[in-house]
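What you see is a predicted model, and the numbers here were worked out from it, not measured in a lab. Heavy-atom basis, side chains included; hydrogens, waters and symmetry copies ignored.
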Amino acid sequence: MNNIIRRETQTAVPRFVHEELRRDPDFAGILQTATKVGPARRRVPPPQGFGVLAFAFLLIAPTLFGQTSTAQGNSPAGDAATTELPLATDLSAKLNRKAVSHAIQKVADWQLEKARGSFNQDWTYAALYAGFMAVPEAANGNKYRGAMLEMSEGFQWQLGPRLAHADDHAIGQTYLDLYLLHPDAATIAPTRERMDAVMQLKDDPEKPLWWWCDALFMAPPVLAKLARATGERKYLDFMDHEWWITSSLLYGPNDHLYFRDKSFFGAHEANGSNVFWARGNGWVFAGLARVLSEMPADYPSRPQYVAQFREMADKIASLQGPDGLWRAGLLDQSDYKLPENSGSAFFAYGFAYGINSGILDRKKYRPIVEKAWQGLLSHVYEDGRLGCIQPVGAAPGAFTATSSYVYGVGAYLLAGSEIYRLAH
């Protein structure tokens, strides 16, 4: 299989399907069966932007893997509008709190109305919940936190079903944030029990617990918040141990970026560069910010996290586009026509957090944040939809200008929350 990754060959199938298929010893037979579909199926052409393998995955994934994503099983995590939409005309990119507050609420209100009936425990929605929890009180934050309390009670404070899978732990961030506002041991008991069980698992040298970079947003902040909530450092120590296992596998020490997973070692963009996915690195950059925000100043390995955060910040800043945003493939921007706003918003969040916390130099990075925020606002539609968000995937891929998904909105709300703090 050609190791050049291009937009035209990217798949929008649920996460991990490609990796799990590659691990399956019967992969070749499965693929052969999948491509020998009946006449009625063959008459349906693959959607534009999908390669042969991607189309095969679409045909076999539901049967082989069932509900790979909870969100996929319960409801879509987003969509793309089929008609042309007018862009918002009531937003200002000025970094004052009134303007930022309005921009936060416009998107948050649209997303809450659209998604509320579809809340679930999946990673896609967990990222949105984190964004809702971060909205400042002056931007009607109590309204969104109230919705999060309702959601949490509806799920009885339970995590997703898979014991060790970081994607099913991510919702715990919201449970813990609510606990820290109104302590009640019962609300974090299921999260605590799950993390206690995960911590008993033995490391697998062949497959780290967090073997894909996205996981560094999903699970580590849960453990860091749990350490703060309980006062027990064991959760932070476990997180620290696992973080550096994943980092040693996936972090490019020369590129200062993360590979999505080891299946991308040796894969290249059309221009020959390594494949570094914007959203994948956005997950990590935001995960670093969320871990650092919970980690005590005197924690022994904190300087390592700060160093990695600064390295990534410097590299990501150098890749910012003229429109203030980043393309899905970070090192081959000319091959991607549209900016990708889930990764871009996570980057904006990380930069703003870094400035606010004193980790990043304000003079150097504030212009980066200003350009990014202006760029993000240019993709907000009149009704509050945030566009240019890549669908669920595992690599740079194709999408449309109106494509909107809940995790990208969560990233936007996280960015807005930190930019609000930065604003005068």
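T124 places no side-chain N or O within donor-acceptor distance of the main-chain N or O of A77, the cut-off being under 3.5 Å. A donor-acceptor pair is defined here as one N or O able to donate and one able to accept, closer than 3.5 Å; no such pair exists between the side chain of S247 and the backbone of W244. Side chain of N356 to main chain of A352: a donor-acceptor pair is present (N/O by atom type, distance under 3.5 Å, no hydrogens or angles). Panel note: side chain E340, backbone G343; a donor-acceptor pair is recorded below 3.5 Å. Of the possible donor and acceptor atoms, none in the side chain of R260 sits under 3.5 Å from a partner among the backbone N and O of C213. Here the side chain of W326 pairs a donor or acceptor atom with the backbone of I316 at under 3.5 angstrom.
In this structure, the salt bridge (charged side-chain N to carboxylate O under 4.0 Å, His left out) partners of K114, at least two apart in sequence or on a different chain, are D79. Qualifying side-chain hydrogen bond (donor to acceptor under 3.5 Å, both in side chains) partners for E311, counting only residues two or more places apart in sequence or in other chains: Y251. Under the ring pair (Phe, Tyr, Trp, His ring centres under 6.0 Å) criterion, W157 pairs with Y175, not counting sequence neighbours. Residues passing the salt bridge (charged side-chain N to carboxylate O under 4.0 Å, His left out) test with K371, sequence neighbours excluded: none. In this structure F155 satisfies the ring pair (Phe, Tyr, Trp, His ring centres under 6.0 Å) test with no other residue, sequence neighbours excluded. Y405 meets the ring pair (Phe, Tyr, Trp, His ring centres under 6.0 Å) test with Y407; sequence neighbours excluded. Shown here are the salt bridge (charged side-chain N to carboxylate O under 4.0 Å, His left out) partners of R116, two or more places apart in sequence or in another chain: E150. Annotation: salt bridge (charged side-chain N to carboxylate O under 4.0 Å, His left out) contacts of E370 (sequence neighbours excluded): R366. Applying the ring pair (Phe, Tyr, Trp, His ring centres under 6.0 Å) rule to F285 yields the partners F309, F351; only residues at least two apart in sequence or on another chain are considered. Not counting sequence neighbours, the partners of A80 by the side-chain contact (heavy atoms from CB on, under 4.5 Å) test are T400, T402, S403.
No side-chain heavy atom of D203 sits less than 4.5 Å from a side-chain heavy atom of P208. Counting heavy atoms from C-beta on, the side chains of N341 and L325 come closer than 4.5 Å. Between L319 and L257, the closest side-chain pair of non-hydrogen atoms falls below 4.5 Å. Taking 4.5 Å as the limit, every side-chain heavy atom of D122 sits out of range of all side-chain heavy atoms of D167. Between W211 and L250, the closest side-chain pair of non-hydrogen atoms is not below 4.5 Å. Here the side chains of V135 and N140 are not in contact, with every heavy-atom distance at 4.5 Å or above. Side-chain contact between L112 and K143 is present, with at least one heavy-atom pair separated by less than 4.5 Å. Contact annotation: the side chain of P161 approaches that of D168 to within less than 4.5 Å [non-hydrogen atoms, C-beta and beyond].
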For this session: Go through the steps to decide whether R192 and Y235 satisfy the test side-chain hydrogen bond (donor to acceptor under 3.5 Å, both in side chains), and finish with yes or no.
Result: CA-CA 9 Å; R192 189 171 187 174; Y235 298 111; 3.3 Å; yes
For this session: For the pair L223 and H169, evaluate side chain to side chain contact (heavy atoms under 4.5 Å, CB included) and give the outcome as yes or no after the intermediate values.
Result: CA-CA 10 Å; L223 289 156; H169 303 161; over 6 Å; no
For this session: Please step through side chain to side chain contact (heavy atoms under 4.5 Å, CB included) for the pair E153 and T187, ending with a clear verdict.
Result: CA-CA 9 Å; E153 290 175 338; T187 62; over 6 Å; no
For this session: Start with the C-alpha distance between S101 and Q105, add both sets of side-chain angles, then the distance that settles side-chain hydrogen bond (donor to acceptor under 3.5 Å, both in side chains), and finish with yes or no.
Result: CA-CA 6 Å; S101 176; Q105 290 182 76; 3.1 Å; yes
Exercise. Going through the checks in order, is the side chain to side chain contact (heavy atoms under 4.5 Å, CB included) test met by L377 and Y412?
Worked result: CA-CA 10 Å; L377 295 189; Y412 170 93; 3.4 Å; yes
For this session: Please test Y258 against Q308 for side-chain hydrogen bond (donor to acceptor under 3.5 Å, both in side chains), starting from the C-alpha separation and ending with a verdict.
Result: CA-CA 11 Å; Y258 272 79; Q308 188 171 89; 2.8 Å; yes
For this session: Show the numbers, then the answer: is there a side chain to side chain contact (heavy atoms under 4.5 Å, CB included) between V198 and F238?
Result: CA-CA 10 Å; V198 170; F238 178 78; 4.0 Å; yes
For this session: Test ring pair (Phe, Tyr, Trp, His ring centres under 6.0 Å) on W212 and H165 and set out the steps.
Result: CA-CA 11 Å; W212 70 111; H165 208 298; 4.8 Å; yes
Exercise. Run the side-chain hydrogen bond (donor to acceptor under 3.5 Å, both in side chains) check on S342 and Q390 step by step: do they pass?
Worked result: CA-CA 7 Å; S342 62; Q390 185 186 344; over 6 Å; no
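When the shell of 6.0 Å around CZ of R194 is examined, it contains more than 12 heavy atoms from other residues, nucleotides or ligands.
Rounding to the nearest 0.5 angstrom, the gap separating the OG atom in S273 from the CG atom in D335 is 9.5 Å. Between atom CD1 of residue I188 and atom CD of residue E193 there is a gap of 10.5 Å, rounded to the nearest 0.5 Å. Note that the CD1 atom of I355 and the OH atom of Y365 stand 9.0 Å from one another [nearest 0.5 Å].
Taking every heavy atom of both residues into account, G416 and W373 meet most closely at CA-CH2, 3.8 Å. Residues M239 and A224 approach most closely at SD-CB, 4.4 Å, considering heavy atoms. Minimum heavy-atom separation, K364 to I368: O-CG1, 3.8 Å. Shown here for A289 and Y349, the closest heavy-atom pair between the two residues is CB-CE2, 4.1 Å. When every heavy atom of P136 is checked against every heavy atom of I104, the shortest pair comes out as CD-CD1, 4.1 Å. When all heavy atoms of A401 and L338 are compared, the closest pair comes out as N-CD1, 3.7 Å.
The side chain to side chain donor-acceptor pair (under 3.5 Å) pairs that include a residue from residues 88-97 are D90-H102, D90-K106, where partners are two or more places apart or lie in different chains. Within the structure, the ring pair (Phe, Tyr, Trp, His ring centres under 6.0 Å) test picks out the following pairs touching residues 132-153 (sequence neighbours left out): F132-Y144.
Side chains of Y129 and D177: no donor on one and acceptor on the other come within 3.5 Å. Neither side chain, H268 nor D332, offers a donor N or O lying under 3.5 Å from an acceptor on the other.
Using cut-offs of 30° and 60° for the angle between ring planes, the W283 and F217 rings count as tilted.
When each of F265, F264, W277 is tested with F259 by the rule ring-ring contact (aromatic ring centres under 6.0 Å, His included), just one qualifies, namely F265.
A salt bridge links R327 with D323: the closest approach of a Lys/Arg side-chain nitrogen to an acidic carboxylate oxygen falls below 4.0 angstrom.
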